[in-house]
Amino acid sequence: MGSAVPRAEVALPRAAAEPIWHELFAQWVPEIFAPVAAAPEHTEAIVIGSGFGAAVSALRLARAGVATTVLERGSRWPNDPWREIFTGDDLPDGRGFWHSTSFTGVTKVPMQFADFGGVLDCTRFQGIDVWSGAAVGGGSVVFSGAMIAPERRLFDHVFGGVIDYGELERVYYPRVRAALRLDPMPGDIYNSGPFTHSRAWDDQVRKAGYQPVPSDSIFNWDVLRGELSGATRASATAGRSNLGNSNGAKFDLNQNYLKEAEATGRAKIYPGHRVDTIAQEAGGRFVVTVTQLAPTGAVRGKRTLTCDKLFLGAGSVGTSELLVRARETGTLPELNEHVGDGWGTNGDVVLARGSSSVAGHGQGVPSASRIFDDTGIALSLENWYIPGVPFETGALASLAMVLDPTRARFGYDPASGGVGLAWPRRAQEEVAAAARAVDRRIADRAGALAEYSVLGYDANALFTAHPLGGAVLGRATDAYGRVHGHPGLYVMDGAAIPGSTGTVNPSLTITAIAERNIEAIIREGR
């Protein structure tokens with residue numbers, strides 16, 4: 001288990017041209033610079049965050065007649081078929097990253113840009129970089145769209161009976177699939193130029209004895225058809241996803257759960273509202289301190305808000321930070337010893353094989369298919385694109401998710417007030433070795449170049465895009481996300497998941513469990 005350390009803060013010089021960039025951003029995306037109304041001083045329910053679990057909570061509470069305030073630190077970004085709302089992964093600017101001035105992704109190419117409130121937060125902990133969303137819509141804005149249910153046996157292995165998989169399979173997975181219009185890639189998209197890499201990937205794994213399984217995706221295939229026909233600016237067919245799709249190609253939460261929550265008239269979303277602390281008064285009311293931020297990072301004000309029920313959906317890192325800090329500073333003194341525990345990376349590993357047949361074609365983002373292997377450690381490989389490269393290089397990328405049992409614990413540093421963790425290098429090396437062994441087997445049997453090195457894809461990038469845990473169901477909370485010791489406080493996001501979703505992307509499971517939990521909370525009134 002990793003030991004707890006504060007979050008690493010890297011001191012970097014601010015770009016000299018920062019004011020110029022901020023002016024450009026205001027010209028390109030004036031919507032995010034518009035004044036934001038202040039949240040009400042008291043609401044029946046406050047939801048912190050606006051990602052998958054938070055969006056589900058907001059919609060179901062609003063439809064149940066509960067006045068709900070949604071607080072999101074990031075901006076509310078629009079979509080447009082022709083404007084470049086978001087920046088690209090290849091040459092990103094400050095719109096891409098949450099108040100950072102540098103980034104080195106899986107291509108190992110360092111980038112520099114102006115400090116700004118962009119959409120992807122790269123939190124640097126000891127031993128691991130954690131990627132998460134910082135925008136209205138949370139992770140749905142910055143992920144690659146695959147939404148897949150794990151196998152029952154692997155789900156049960158991870159959750160240990162706390163949740164009935166059959167209930168998710170019968171009720172909540174189908175509910176989410178319908179709400180998010182999930183379906184696999186259609187044949188016309190699959191057979192188009194930008195997905196030559198997907199077809200080559202499938203061909204190689206078949207030669208190696210695997211049968212690729214189509215992956216459900218959140219992408220709007222009609223928008224991709226528009227890209228292919230020239231009816232809209234290229235985005236998902238040109239290697240764009242991690243930093244947003246300007247034309248709305250991803251059917252993100254702004255287009256469904258959040259939109260529907262606001263349509264009830266009982267839920268209101270407040271971007272630019274960063275939650276700093278949470279507390280509970282003797283009478284049971286919750287107190288939330290908030291800093292109102294401009295997209296530039298300038299502080300617009302500080303507020304203290306209250307609510308009767310508080311729903312945490314700030315993501316694994318955000319929710320865990322708030323809870324650990326509250327326990328250690330005494331603002332939520334009844335939190336138990338399990339708060340901060342059970343954190344994992346979902347076993348994320350990046351890989352690539354070579355195939356000269358795809359060079360020169362486009363770089364489509366949605367994942368067409370995946371394979372599963374349990375000859376050693378159970379893991380899956382998904383057909384992936386290379387973030388940051390809008391054209392084909394002859395590399396067939398994969399995102400591996402390994403059933404890694406390693407868990408770390410968040411800790412608190414009273415001197416700095418920081419919350420952080422340490423991730424053991426050994427754990428990352430072991431999951432990378434397991435994934436690399438499968439990739440080499442495929443390459444050998446398919447006659448491909450293994451360990452593709454032109455872009456430094458050597459399966460050891462120390463990052464996760466799937467942070468999970470820190471307030472785990474059945475430990476820090478009951479089986480429905482009710483936090484032990486503090487009635488009216490709930491965990492509704494990836495912090496509730498015990499470090500893994502069984503070798504698949506977590507978003508579908510997070511959303512389905514949130515649907516299950518909020519239904520019980522509303523039904524039982526607690």
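One-based numbering along the sequence shown.
- Lys268 and Thr68 are not linked by any side-chain donor-acceptor pair at a separation below 3.5 angstrom, with hydrogens and angles left out of the test.
- Side-chain contact of Thr101 with Asp115: a donor-acceptor pair under 3.5 Å is absent, judged by distance alone.
- The 12-atom threshold is exceeded at CD of Glu524, counting heavy atoms of other residues, nucleotides or ligands nearer than 6.0 Å.
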Apply salt bridge (Lys or Arg N to Asp or Glu O under 4.0 Å) to the pair Glu260 and Arg60, showing each step before the final yes or no.
-> CA-CA 10 Å; Glu260 293 166 23; Arg60 302 309 174 196; over 6 Å; no
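- A cation-pi arrangement is not found for Arg95 relative to Trp21, the charged atom failing to lie both closer than 6.0 Å to the ring centre and inside a 45° cone about the ring normal.
- When each of Trp98, Phe97, Phe113 is tested with Phe103 by the rule ring pair (Phe, Tyr, Trp, His ring centres under 6.0 Å), just one qualifies, namely Phe97.
- Under a cut-off of 6.0 angstrom, the local environment of CZ in Arg475 is sparse, with at most 12 non-hydrogen atoms contributed by other residues, nucleotides or ligands.
- Asn346 CG to Ser316 OG: the interatomic distance, rounded to the nearest 0.5 Å, is 11.0 Å.
- Side chains of Trp77 and Glu31: a donor-acceptor N/O pair is absent below 3.5 angstrom, by distance only.
- Between Phe155 and Phe159, the angle of the ring planes stays under 30°, which puts this pair in the parallel group of the 30/60° scheme.
- Less than 6.0 angstrom separates the ring centroid of Trp131 from the ring centroid of Phe463.
- Checking Thr464 against Asp348 by side-chain atom types alone, a donor-acceptor pair falls below 3.5 Å.
- Side-chain N/O atoms of Thr509 and Tyr173 include a donor and acceptor closer than 3.5 Å.
- Between the side chains of Thr289 and Thr277, a donor-acceptor pair is found at a separation under 3.5 Å.
- Inspection of the His486 and Glu334 side chains reveals no N or O donor paired with an N or O acceptor under 3.5 Å.
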